[in-house]
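The block underneath contains the structure these notes are about, expressed in structure tokens.
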Amino acid sequence: MDHGTDRAGQGAVTEPAEPGRVPLAVVVVDRDGLVSHWSRGARRLFGVPKDEAIGRTALDLLPVSGALPDERDTIPYAAGDGLGPDLESSLDGGLSYPAAGRARLAASGDGRVDVLWWAYPLVGPGPERLLVLAADAEGLRPGDGACERIAPGFALHTDFPGAEDLARRLPEILPSMSVGESARIVAQILELGYPVLEFSQNDRVPVTPDWGVARRAERKARRERAARALAAGEPLPAELRDEGEDLEYAAVRERLEFLNEVSGRIGTSLDLSRTIVEVSRAVVPRFTDVAGTYLREQVVAGEGFEDGVPDTTTMWHRVALEHTDEPGRWDDVVPVGEAMPFPAHTPFFQCMTSGEPVLVPRISEEMGHAIAAQFDKRDIRPLITGRSMLVVPLKARNVVLGFMILLRHPERPVFNDMDRVTGAELAARAGLVLDNARMYTFQENVAETLQDSMLPHIPPRMTGCDIATRYLPGTLLGRVGGDWFDAVKLHGGRTALVVGDVMGHGLNSAAMMGQLRTAVQTMAGLDLPPAQLLRNLDDLAQRLGDNYLATCLYAVYDPIASELHLANAGHIPPVLVRAGDGRSELLDLPTGAPIGVGGVPFEAIRVRVEPGDRLVMCTDGLVEMRGEDIGVGLATLCESAAHPAASMDDACDTIIRALAVTFSEAGRGGRKDDVALLMARLGGIEPDDVAEWRLALDPSEVSRARAVVREQLHDWGLAKLVAPAELMAGELVTNAVRHSHARPVALRLVRGDTLLCEVDDDDHELPTLLSAGPLDEAGRGLRVVSTLSREWGTSRTKSGKTVWFELTLPRR
């Protein structure tokens, strides 16, 4: 039966209750003593509607006449000993710890209503101060079969012994609690006998466990005597040994449960910053009121450091600070992120050098002054003086990574030896979790550095084309992979565009990728045709080992001829987006076999392009998803590549987003493979920006070469470049005329992002830069070119060689 007093009707109202259910009144009192939450059970028990109760003084709504000591033995289900402070003093703000008892409701009329009550102080920055639970004592008489026992916060409108109904009804009583949170709380209730009620993610309500059923005041007195003796380290009299053993057992059990709970709450990820926050929040407020976490500078940076004992020069970063004081009280005095060393006379230095916890029962005025001396122009003494302090080291593998400073409010029991042991075990577990996160962060930094060093930093503009790239690692746990892209500058204003993918993942694939990429750069510099380059790359892969395969797409763009020369080794085809009509297409290339198979020929094709066309090359991680046809990804790639974009970077992002959406809608989850994406806008070079001449094998042609260069540069408005250009062109033509065999010398000027000058002849021997003495007749020509040019080089061709140089165009 659910008994309540209807104050409006001046009488008791009896409502039928479902069998096995004990209705509970839930009232929340704020720091001003006003009611901020009034449940339906409170309305039934106390007879006041919710709209009349909210905002009123709690003492006015819950008038009681005090405890009923003559009836304590008839209360079989009261929590704890039932001999705590009366409800009135709890409501009046005099309660700083969980308490329970029995009281009589001062209702008018002949009927009386006796209630059992539990009161829990609420900690945290929120406005709530007290949670009060109350139940009609009549419904809990022995023999009524309502339930086996009631623990604080345990019988929240629930059918015993099942937990499903409790999980469903908790959010009704505490509306801010989700069903998922309540299910977890219920599991803890059934396993441990007490819950932790949560009003939000940051505010938690500690609920004291029900260790037994109180029967007599004498038993409480014996327990208090035993507790005092244990705290003082005195031997227990024979009549108190049972009580002492019960207290010790309860205390040990509570600490083990606390450590088990903390272990489950920390280390949920390998992210170092998140782990730091988890460790700090795990101990506040249940174990301590303030927790400051300090870590070595190298730990915060995710770096390695030498073993050894820290000293007074070791820098410690304050990485987290959790407390139950009013918001902002600690922020200005001890801000998170500050780094400092600690002098030898402080308990912090003693902890980090000995690797053992340091216990200070109360921080004296003298110690508070000594600690505050480290904080320049900030007085920390009001925050620490009079508090109990425990400093615990955060160790892993016998190395001190940091330490935690734990402080308790003066009105709370001081830290004792059992707390020291608990703190040491807590720190040991936290230290291992932090070290795992530190090592992961260190390895991740190494992997990122390795990957960055292997991927080229391609300029956004090369001769005749604009380039944009993207690299996306497949998973957070594998930041290094075998995907790569590259762009190599070739003579004649051409650019080699490369995308490749070493099969597999991890460091071995990345190392293989680095070797292949270097080989491609070297062979591209020798101006090998695309098919021949892949042939040589395949031979190299077989010499490196039998366990590696790779795909590779190699394209050479000639902006003067407006042509692409491509060859493929088992790679997905590129997409060409036509500037004229915006149409996109997959280029039909001979597929070829992957690099490393061996014995398979490679074929190359030539494709005509127009200025403004875009070439899109990528690895299969972008378009292929397990369980999905690759054709879906390729179709999406073509469609998204054709979308207009404000810039090349925007175009790359559009492609990546479109593929991500496609596979997400298909229910294939996230991407697991690496992605390398290279996009080139083929701008071309106008015919008016190219000038060519044929020169006979006659020394007199040198003066003609200088004259035509001088005249062409004046026509292009590049008069400032005439002197160096005609001098260097004359030197190169002189060498070509001297060493050529039969074919005329070719001279070409190209005006693009730079001024390019090329001289071709039919001699296959490449010139080298020599050191010429004062009396030497030869060797000065290339020295002049090397000194005056922006860049120069040589390369072999089918019919001989090309020597070239570039000059930077003057600003207009």
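These numbers come from the heavy atoms of this one structure, side chains and all, not from hydrogens, waters or symmetry mates.
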Query - Residues which pass side chain to side chain donor-acceptor pair (under 3.5 Å) with T293, listed by chain and number, not counting sequence neighbours - result: S280
Query raised in the report: Hey, does N436 have a side-chain heavy atom less than 4.5 Å from the side chain of V433?
Result: no
Query raised in the report: Of all residues at least two apart in sequence or in a different chain, which pass the side chain to side chain contact (heavy atoms under 4.5 Å, CB included) check with H345?
Result: P343, A370
Query raised in the report: Among pairs that include at least one residue of residues 406-428, which meet ring-ring contact (aromatic ring centres under 6.0 Å, His included), considering only residues two or more places apart or in two chains?
Result: F287-F415
Query - Heavy-atom closest pair, residues P310 and M352 - result: CD-O, 3.6 Å
Query raised in the report: Who are the salt bridge (charged side-chain N to carboxylate O under 4.0 Å, His left out) partners of R412, not counting sequence neighbours?
Result: D289
Query raised in the report: Taking only residues two or more places apart in sequence, or in another chain, which ones meet P410 in a side chain to side chain contact (heavy atoms under 4.5 Å, CB included)?
Result: R362, R387
Report task. Please say which of V358, L394, V400, T346 ends up in a side-chain contact (heavy atoms from CB on, under 4.5 Å) with C351. Result -> V358
Requested in this report: Go through the structure and list residues passing salt bridge (charged side-chain N to carboxylate O under 4.0 Å, His left out) with E356, not counting sequence neighbours.
Outcome: none
Query raised in the report: Which pairs, with at least one residue in residues 309-322 and sequence neighbours excluded, count as a salt bridge (Lys or Arg N to Asp or Glu O under 4.0 Å)?
Result: R281-E322, R318-E338
Query raised in the report: Of all residues at least two apart in sequence or in a different chain, which pass the side chain to side chain donor-acceptor pair (under 3.5 Å) check with W316?
Result: none
Requested in this report: Identify, with sequence neighbours excluded, every residue that meets ring pair (Phe, Tyr, Trp, His ring centres under 6.0 Å) alongside F349.
Outcome: none
**Report entry** Residue list, side chain to side chain contact (heavy atoms under 4.5 Å, CB included) with V333, at least two apart or on another chain
**Finding:** R378, I380, L383
Requested in this report: Please list, chain by chain and in numerical order, all residues satisfying side chain to side chain contact (heavy atoms under 4.5 Å, CB included) with P357, sequence neighbours excluded.
Outcome: L390, V392, P393, R420, A424
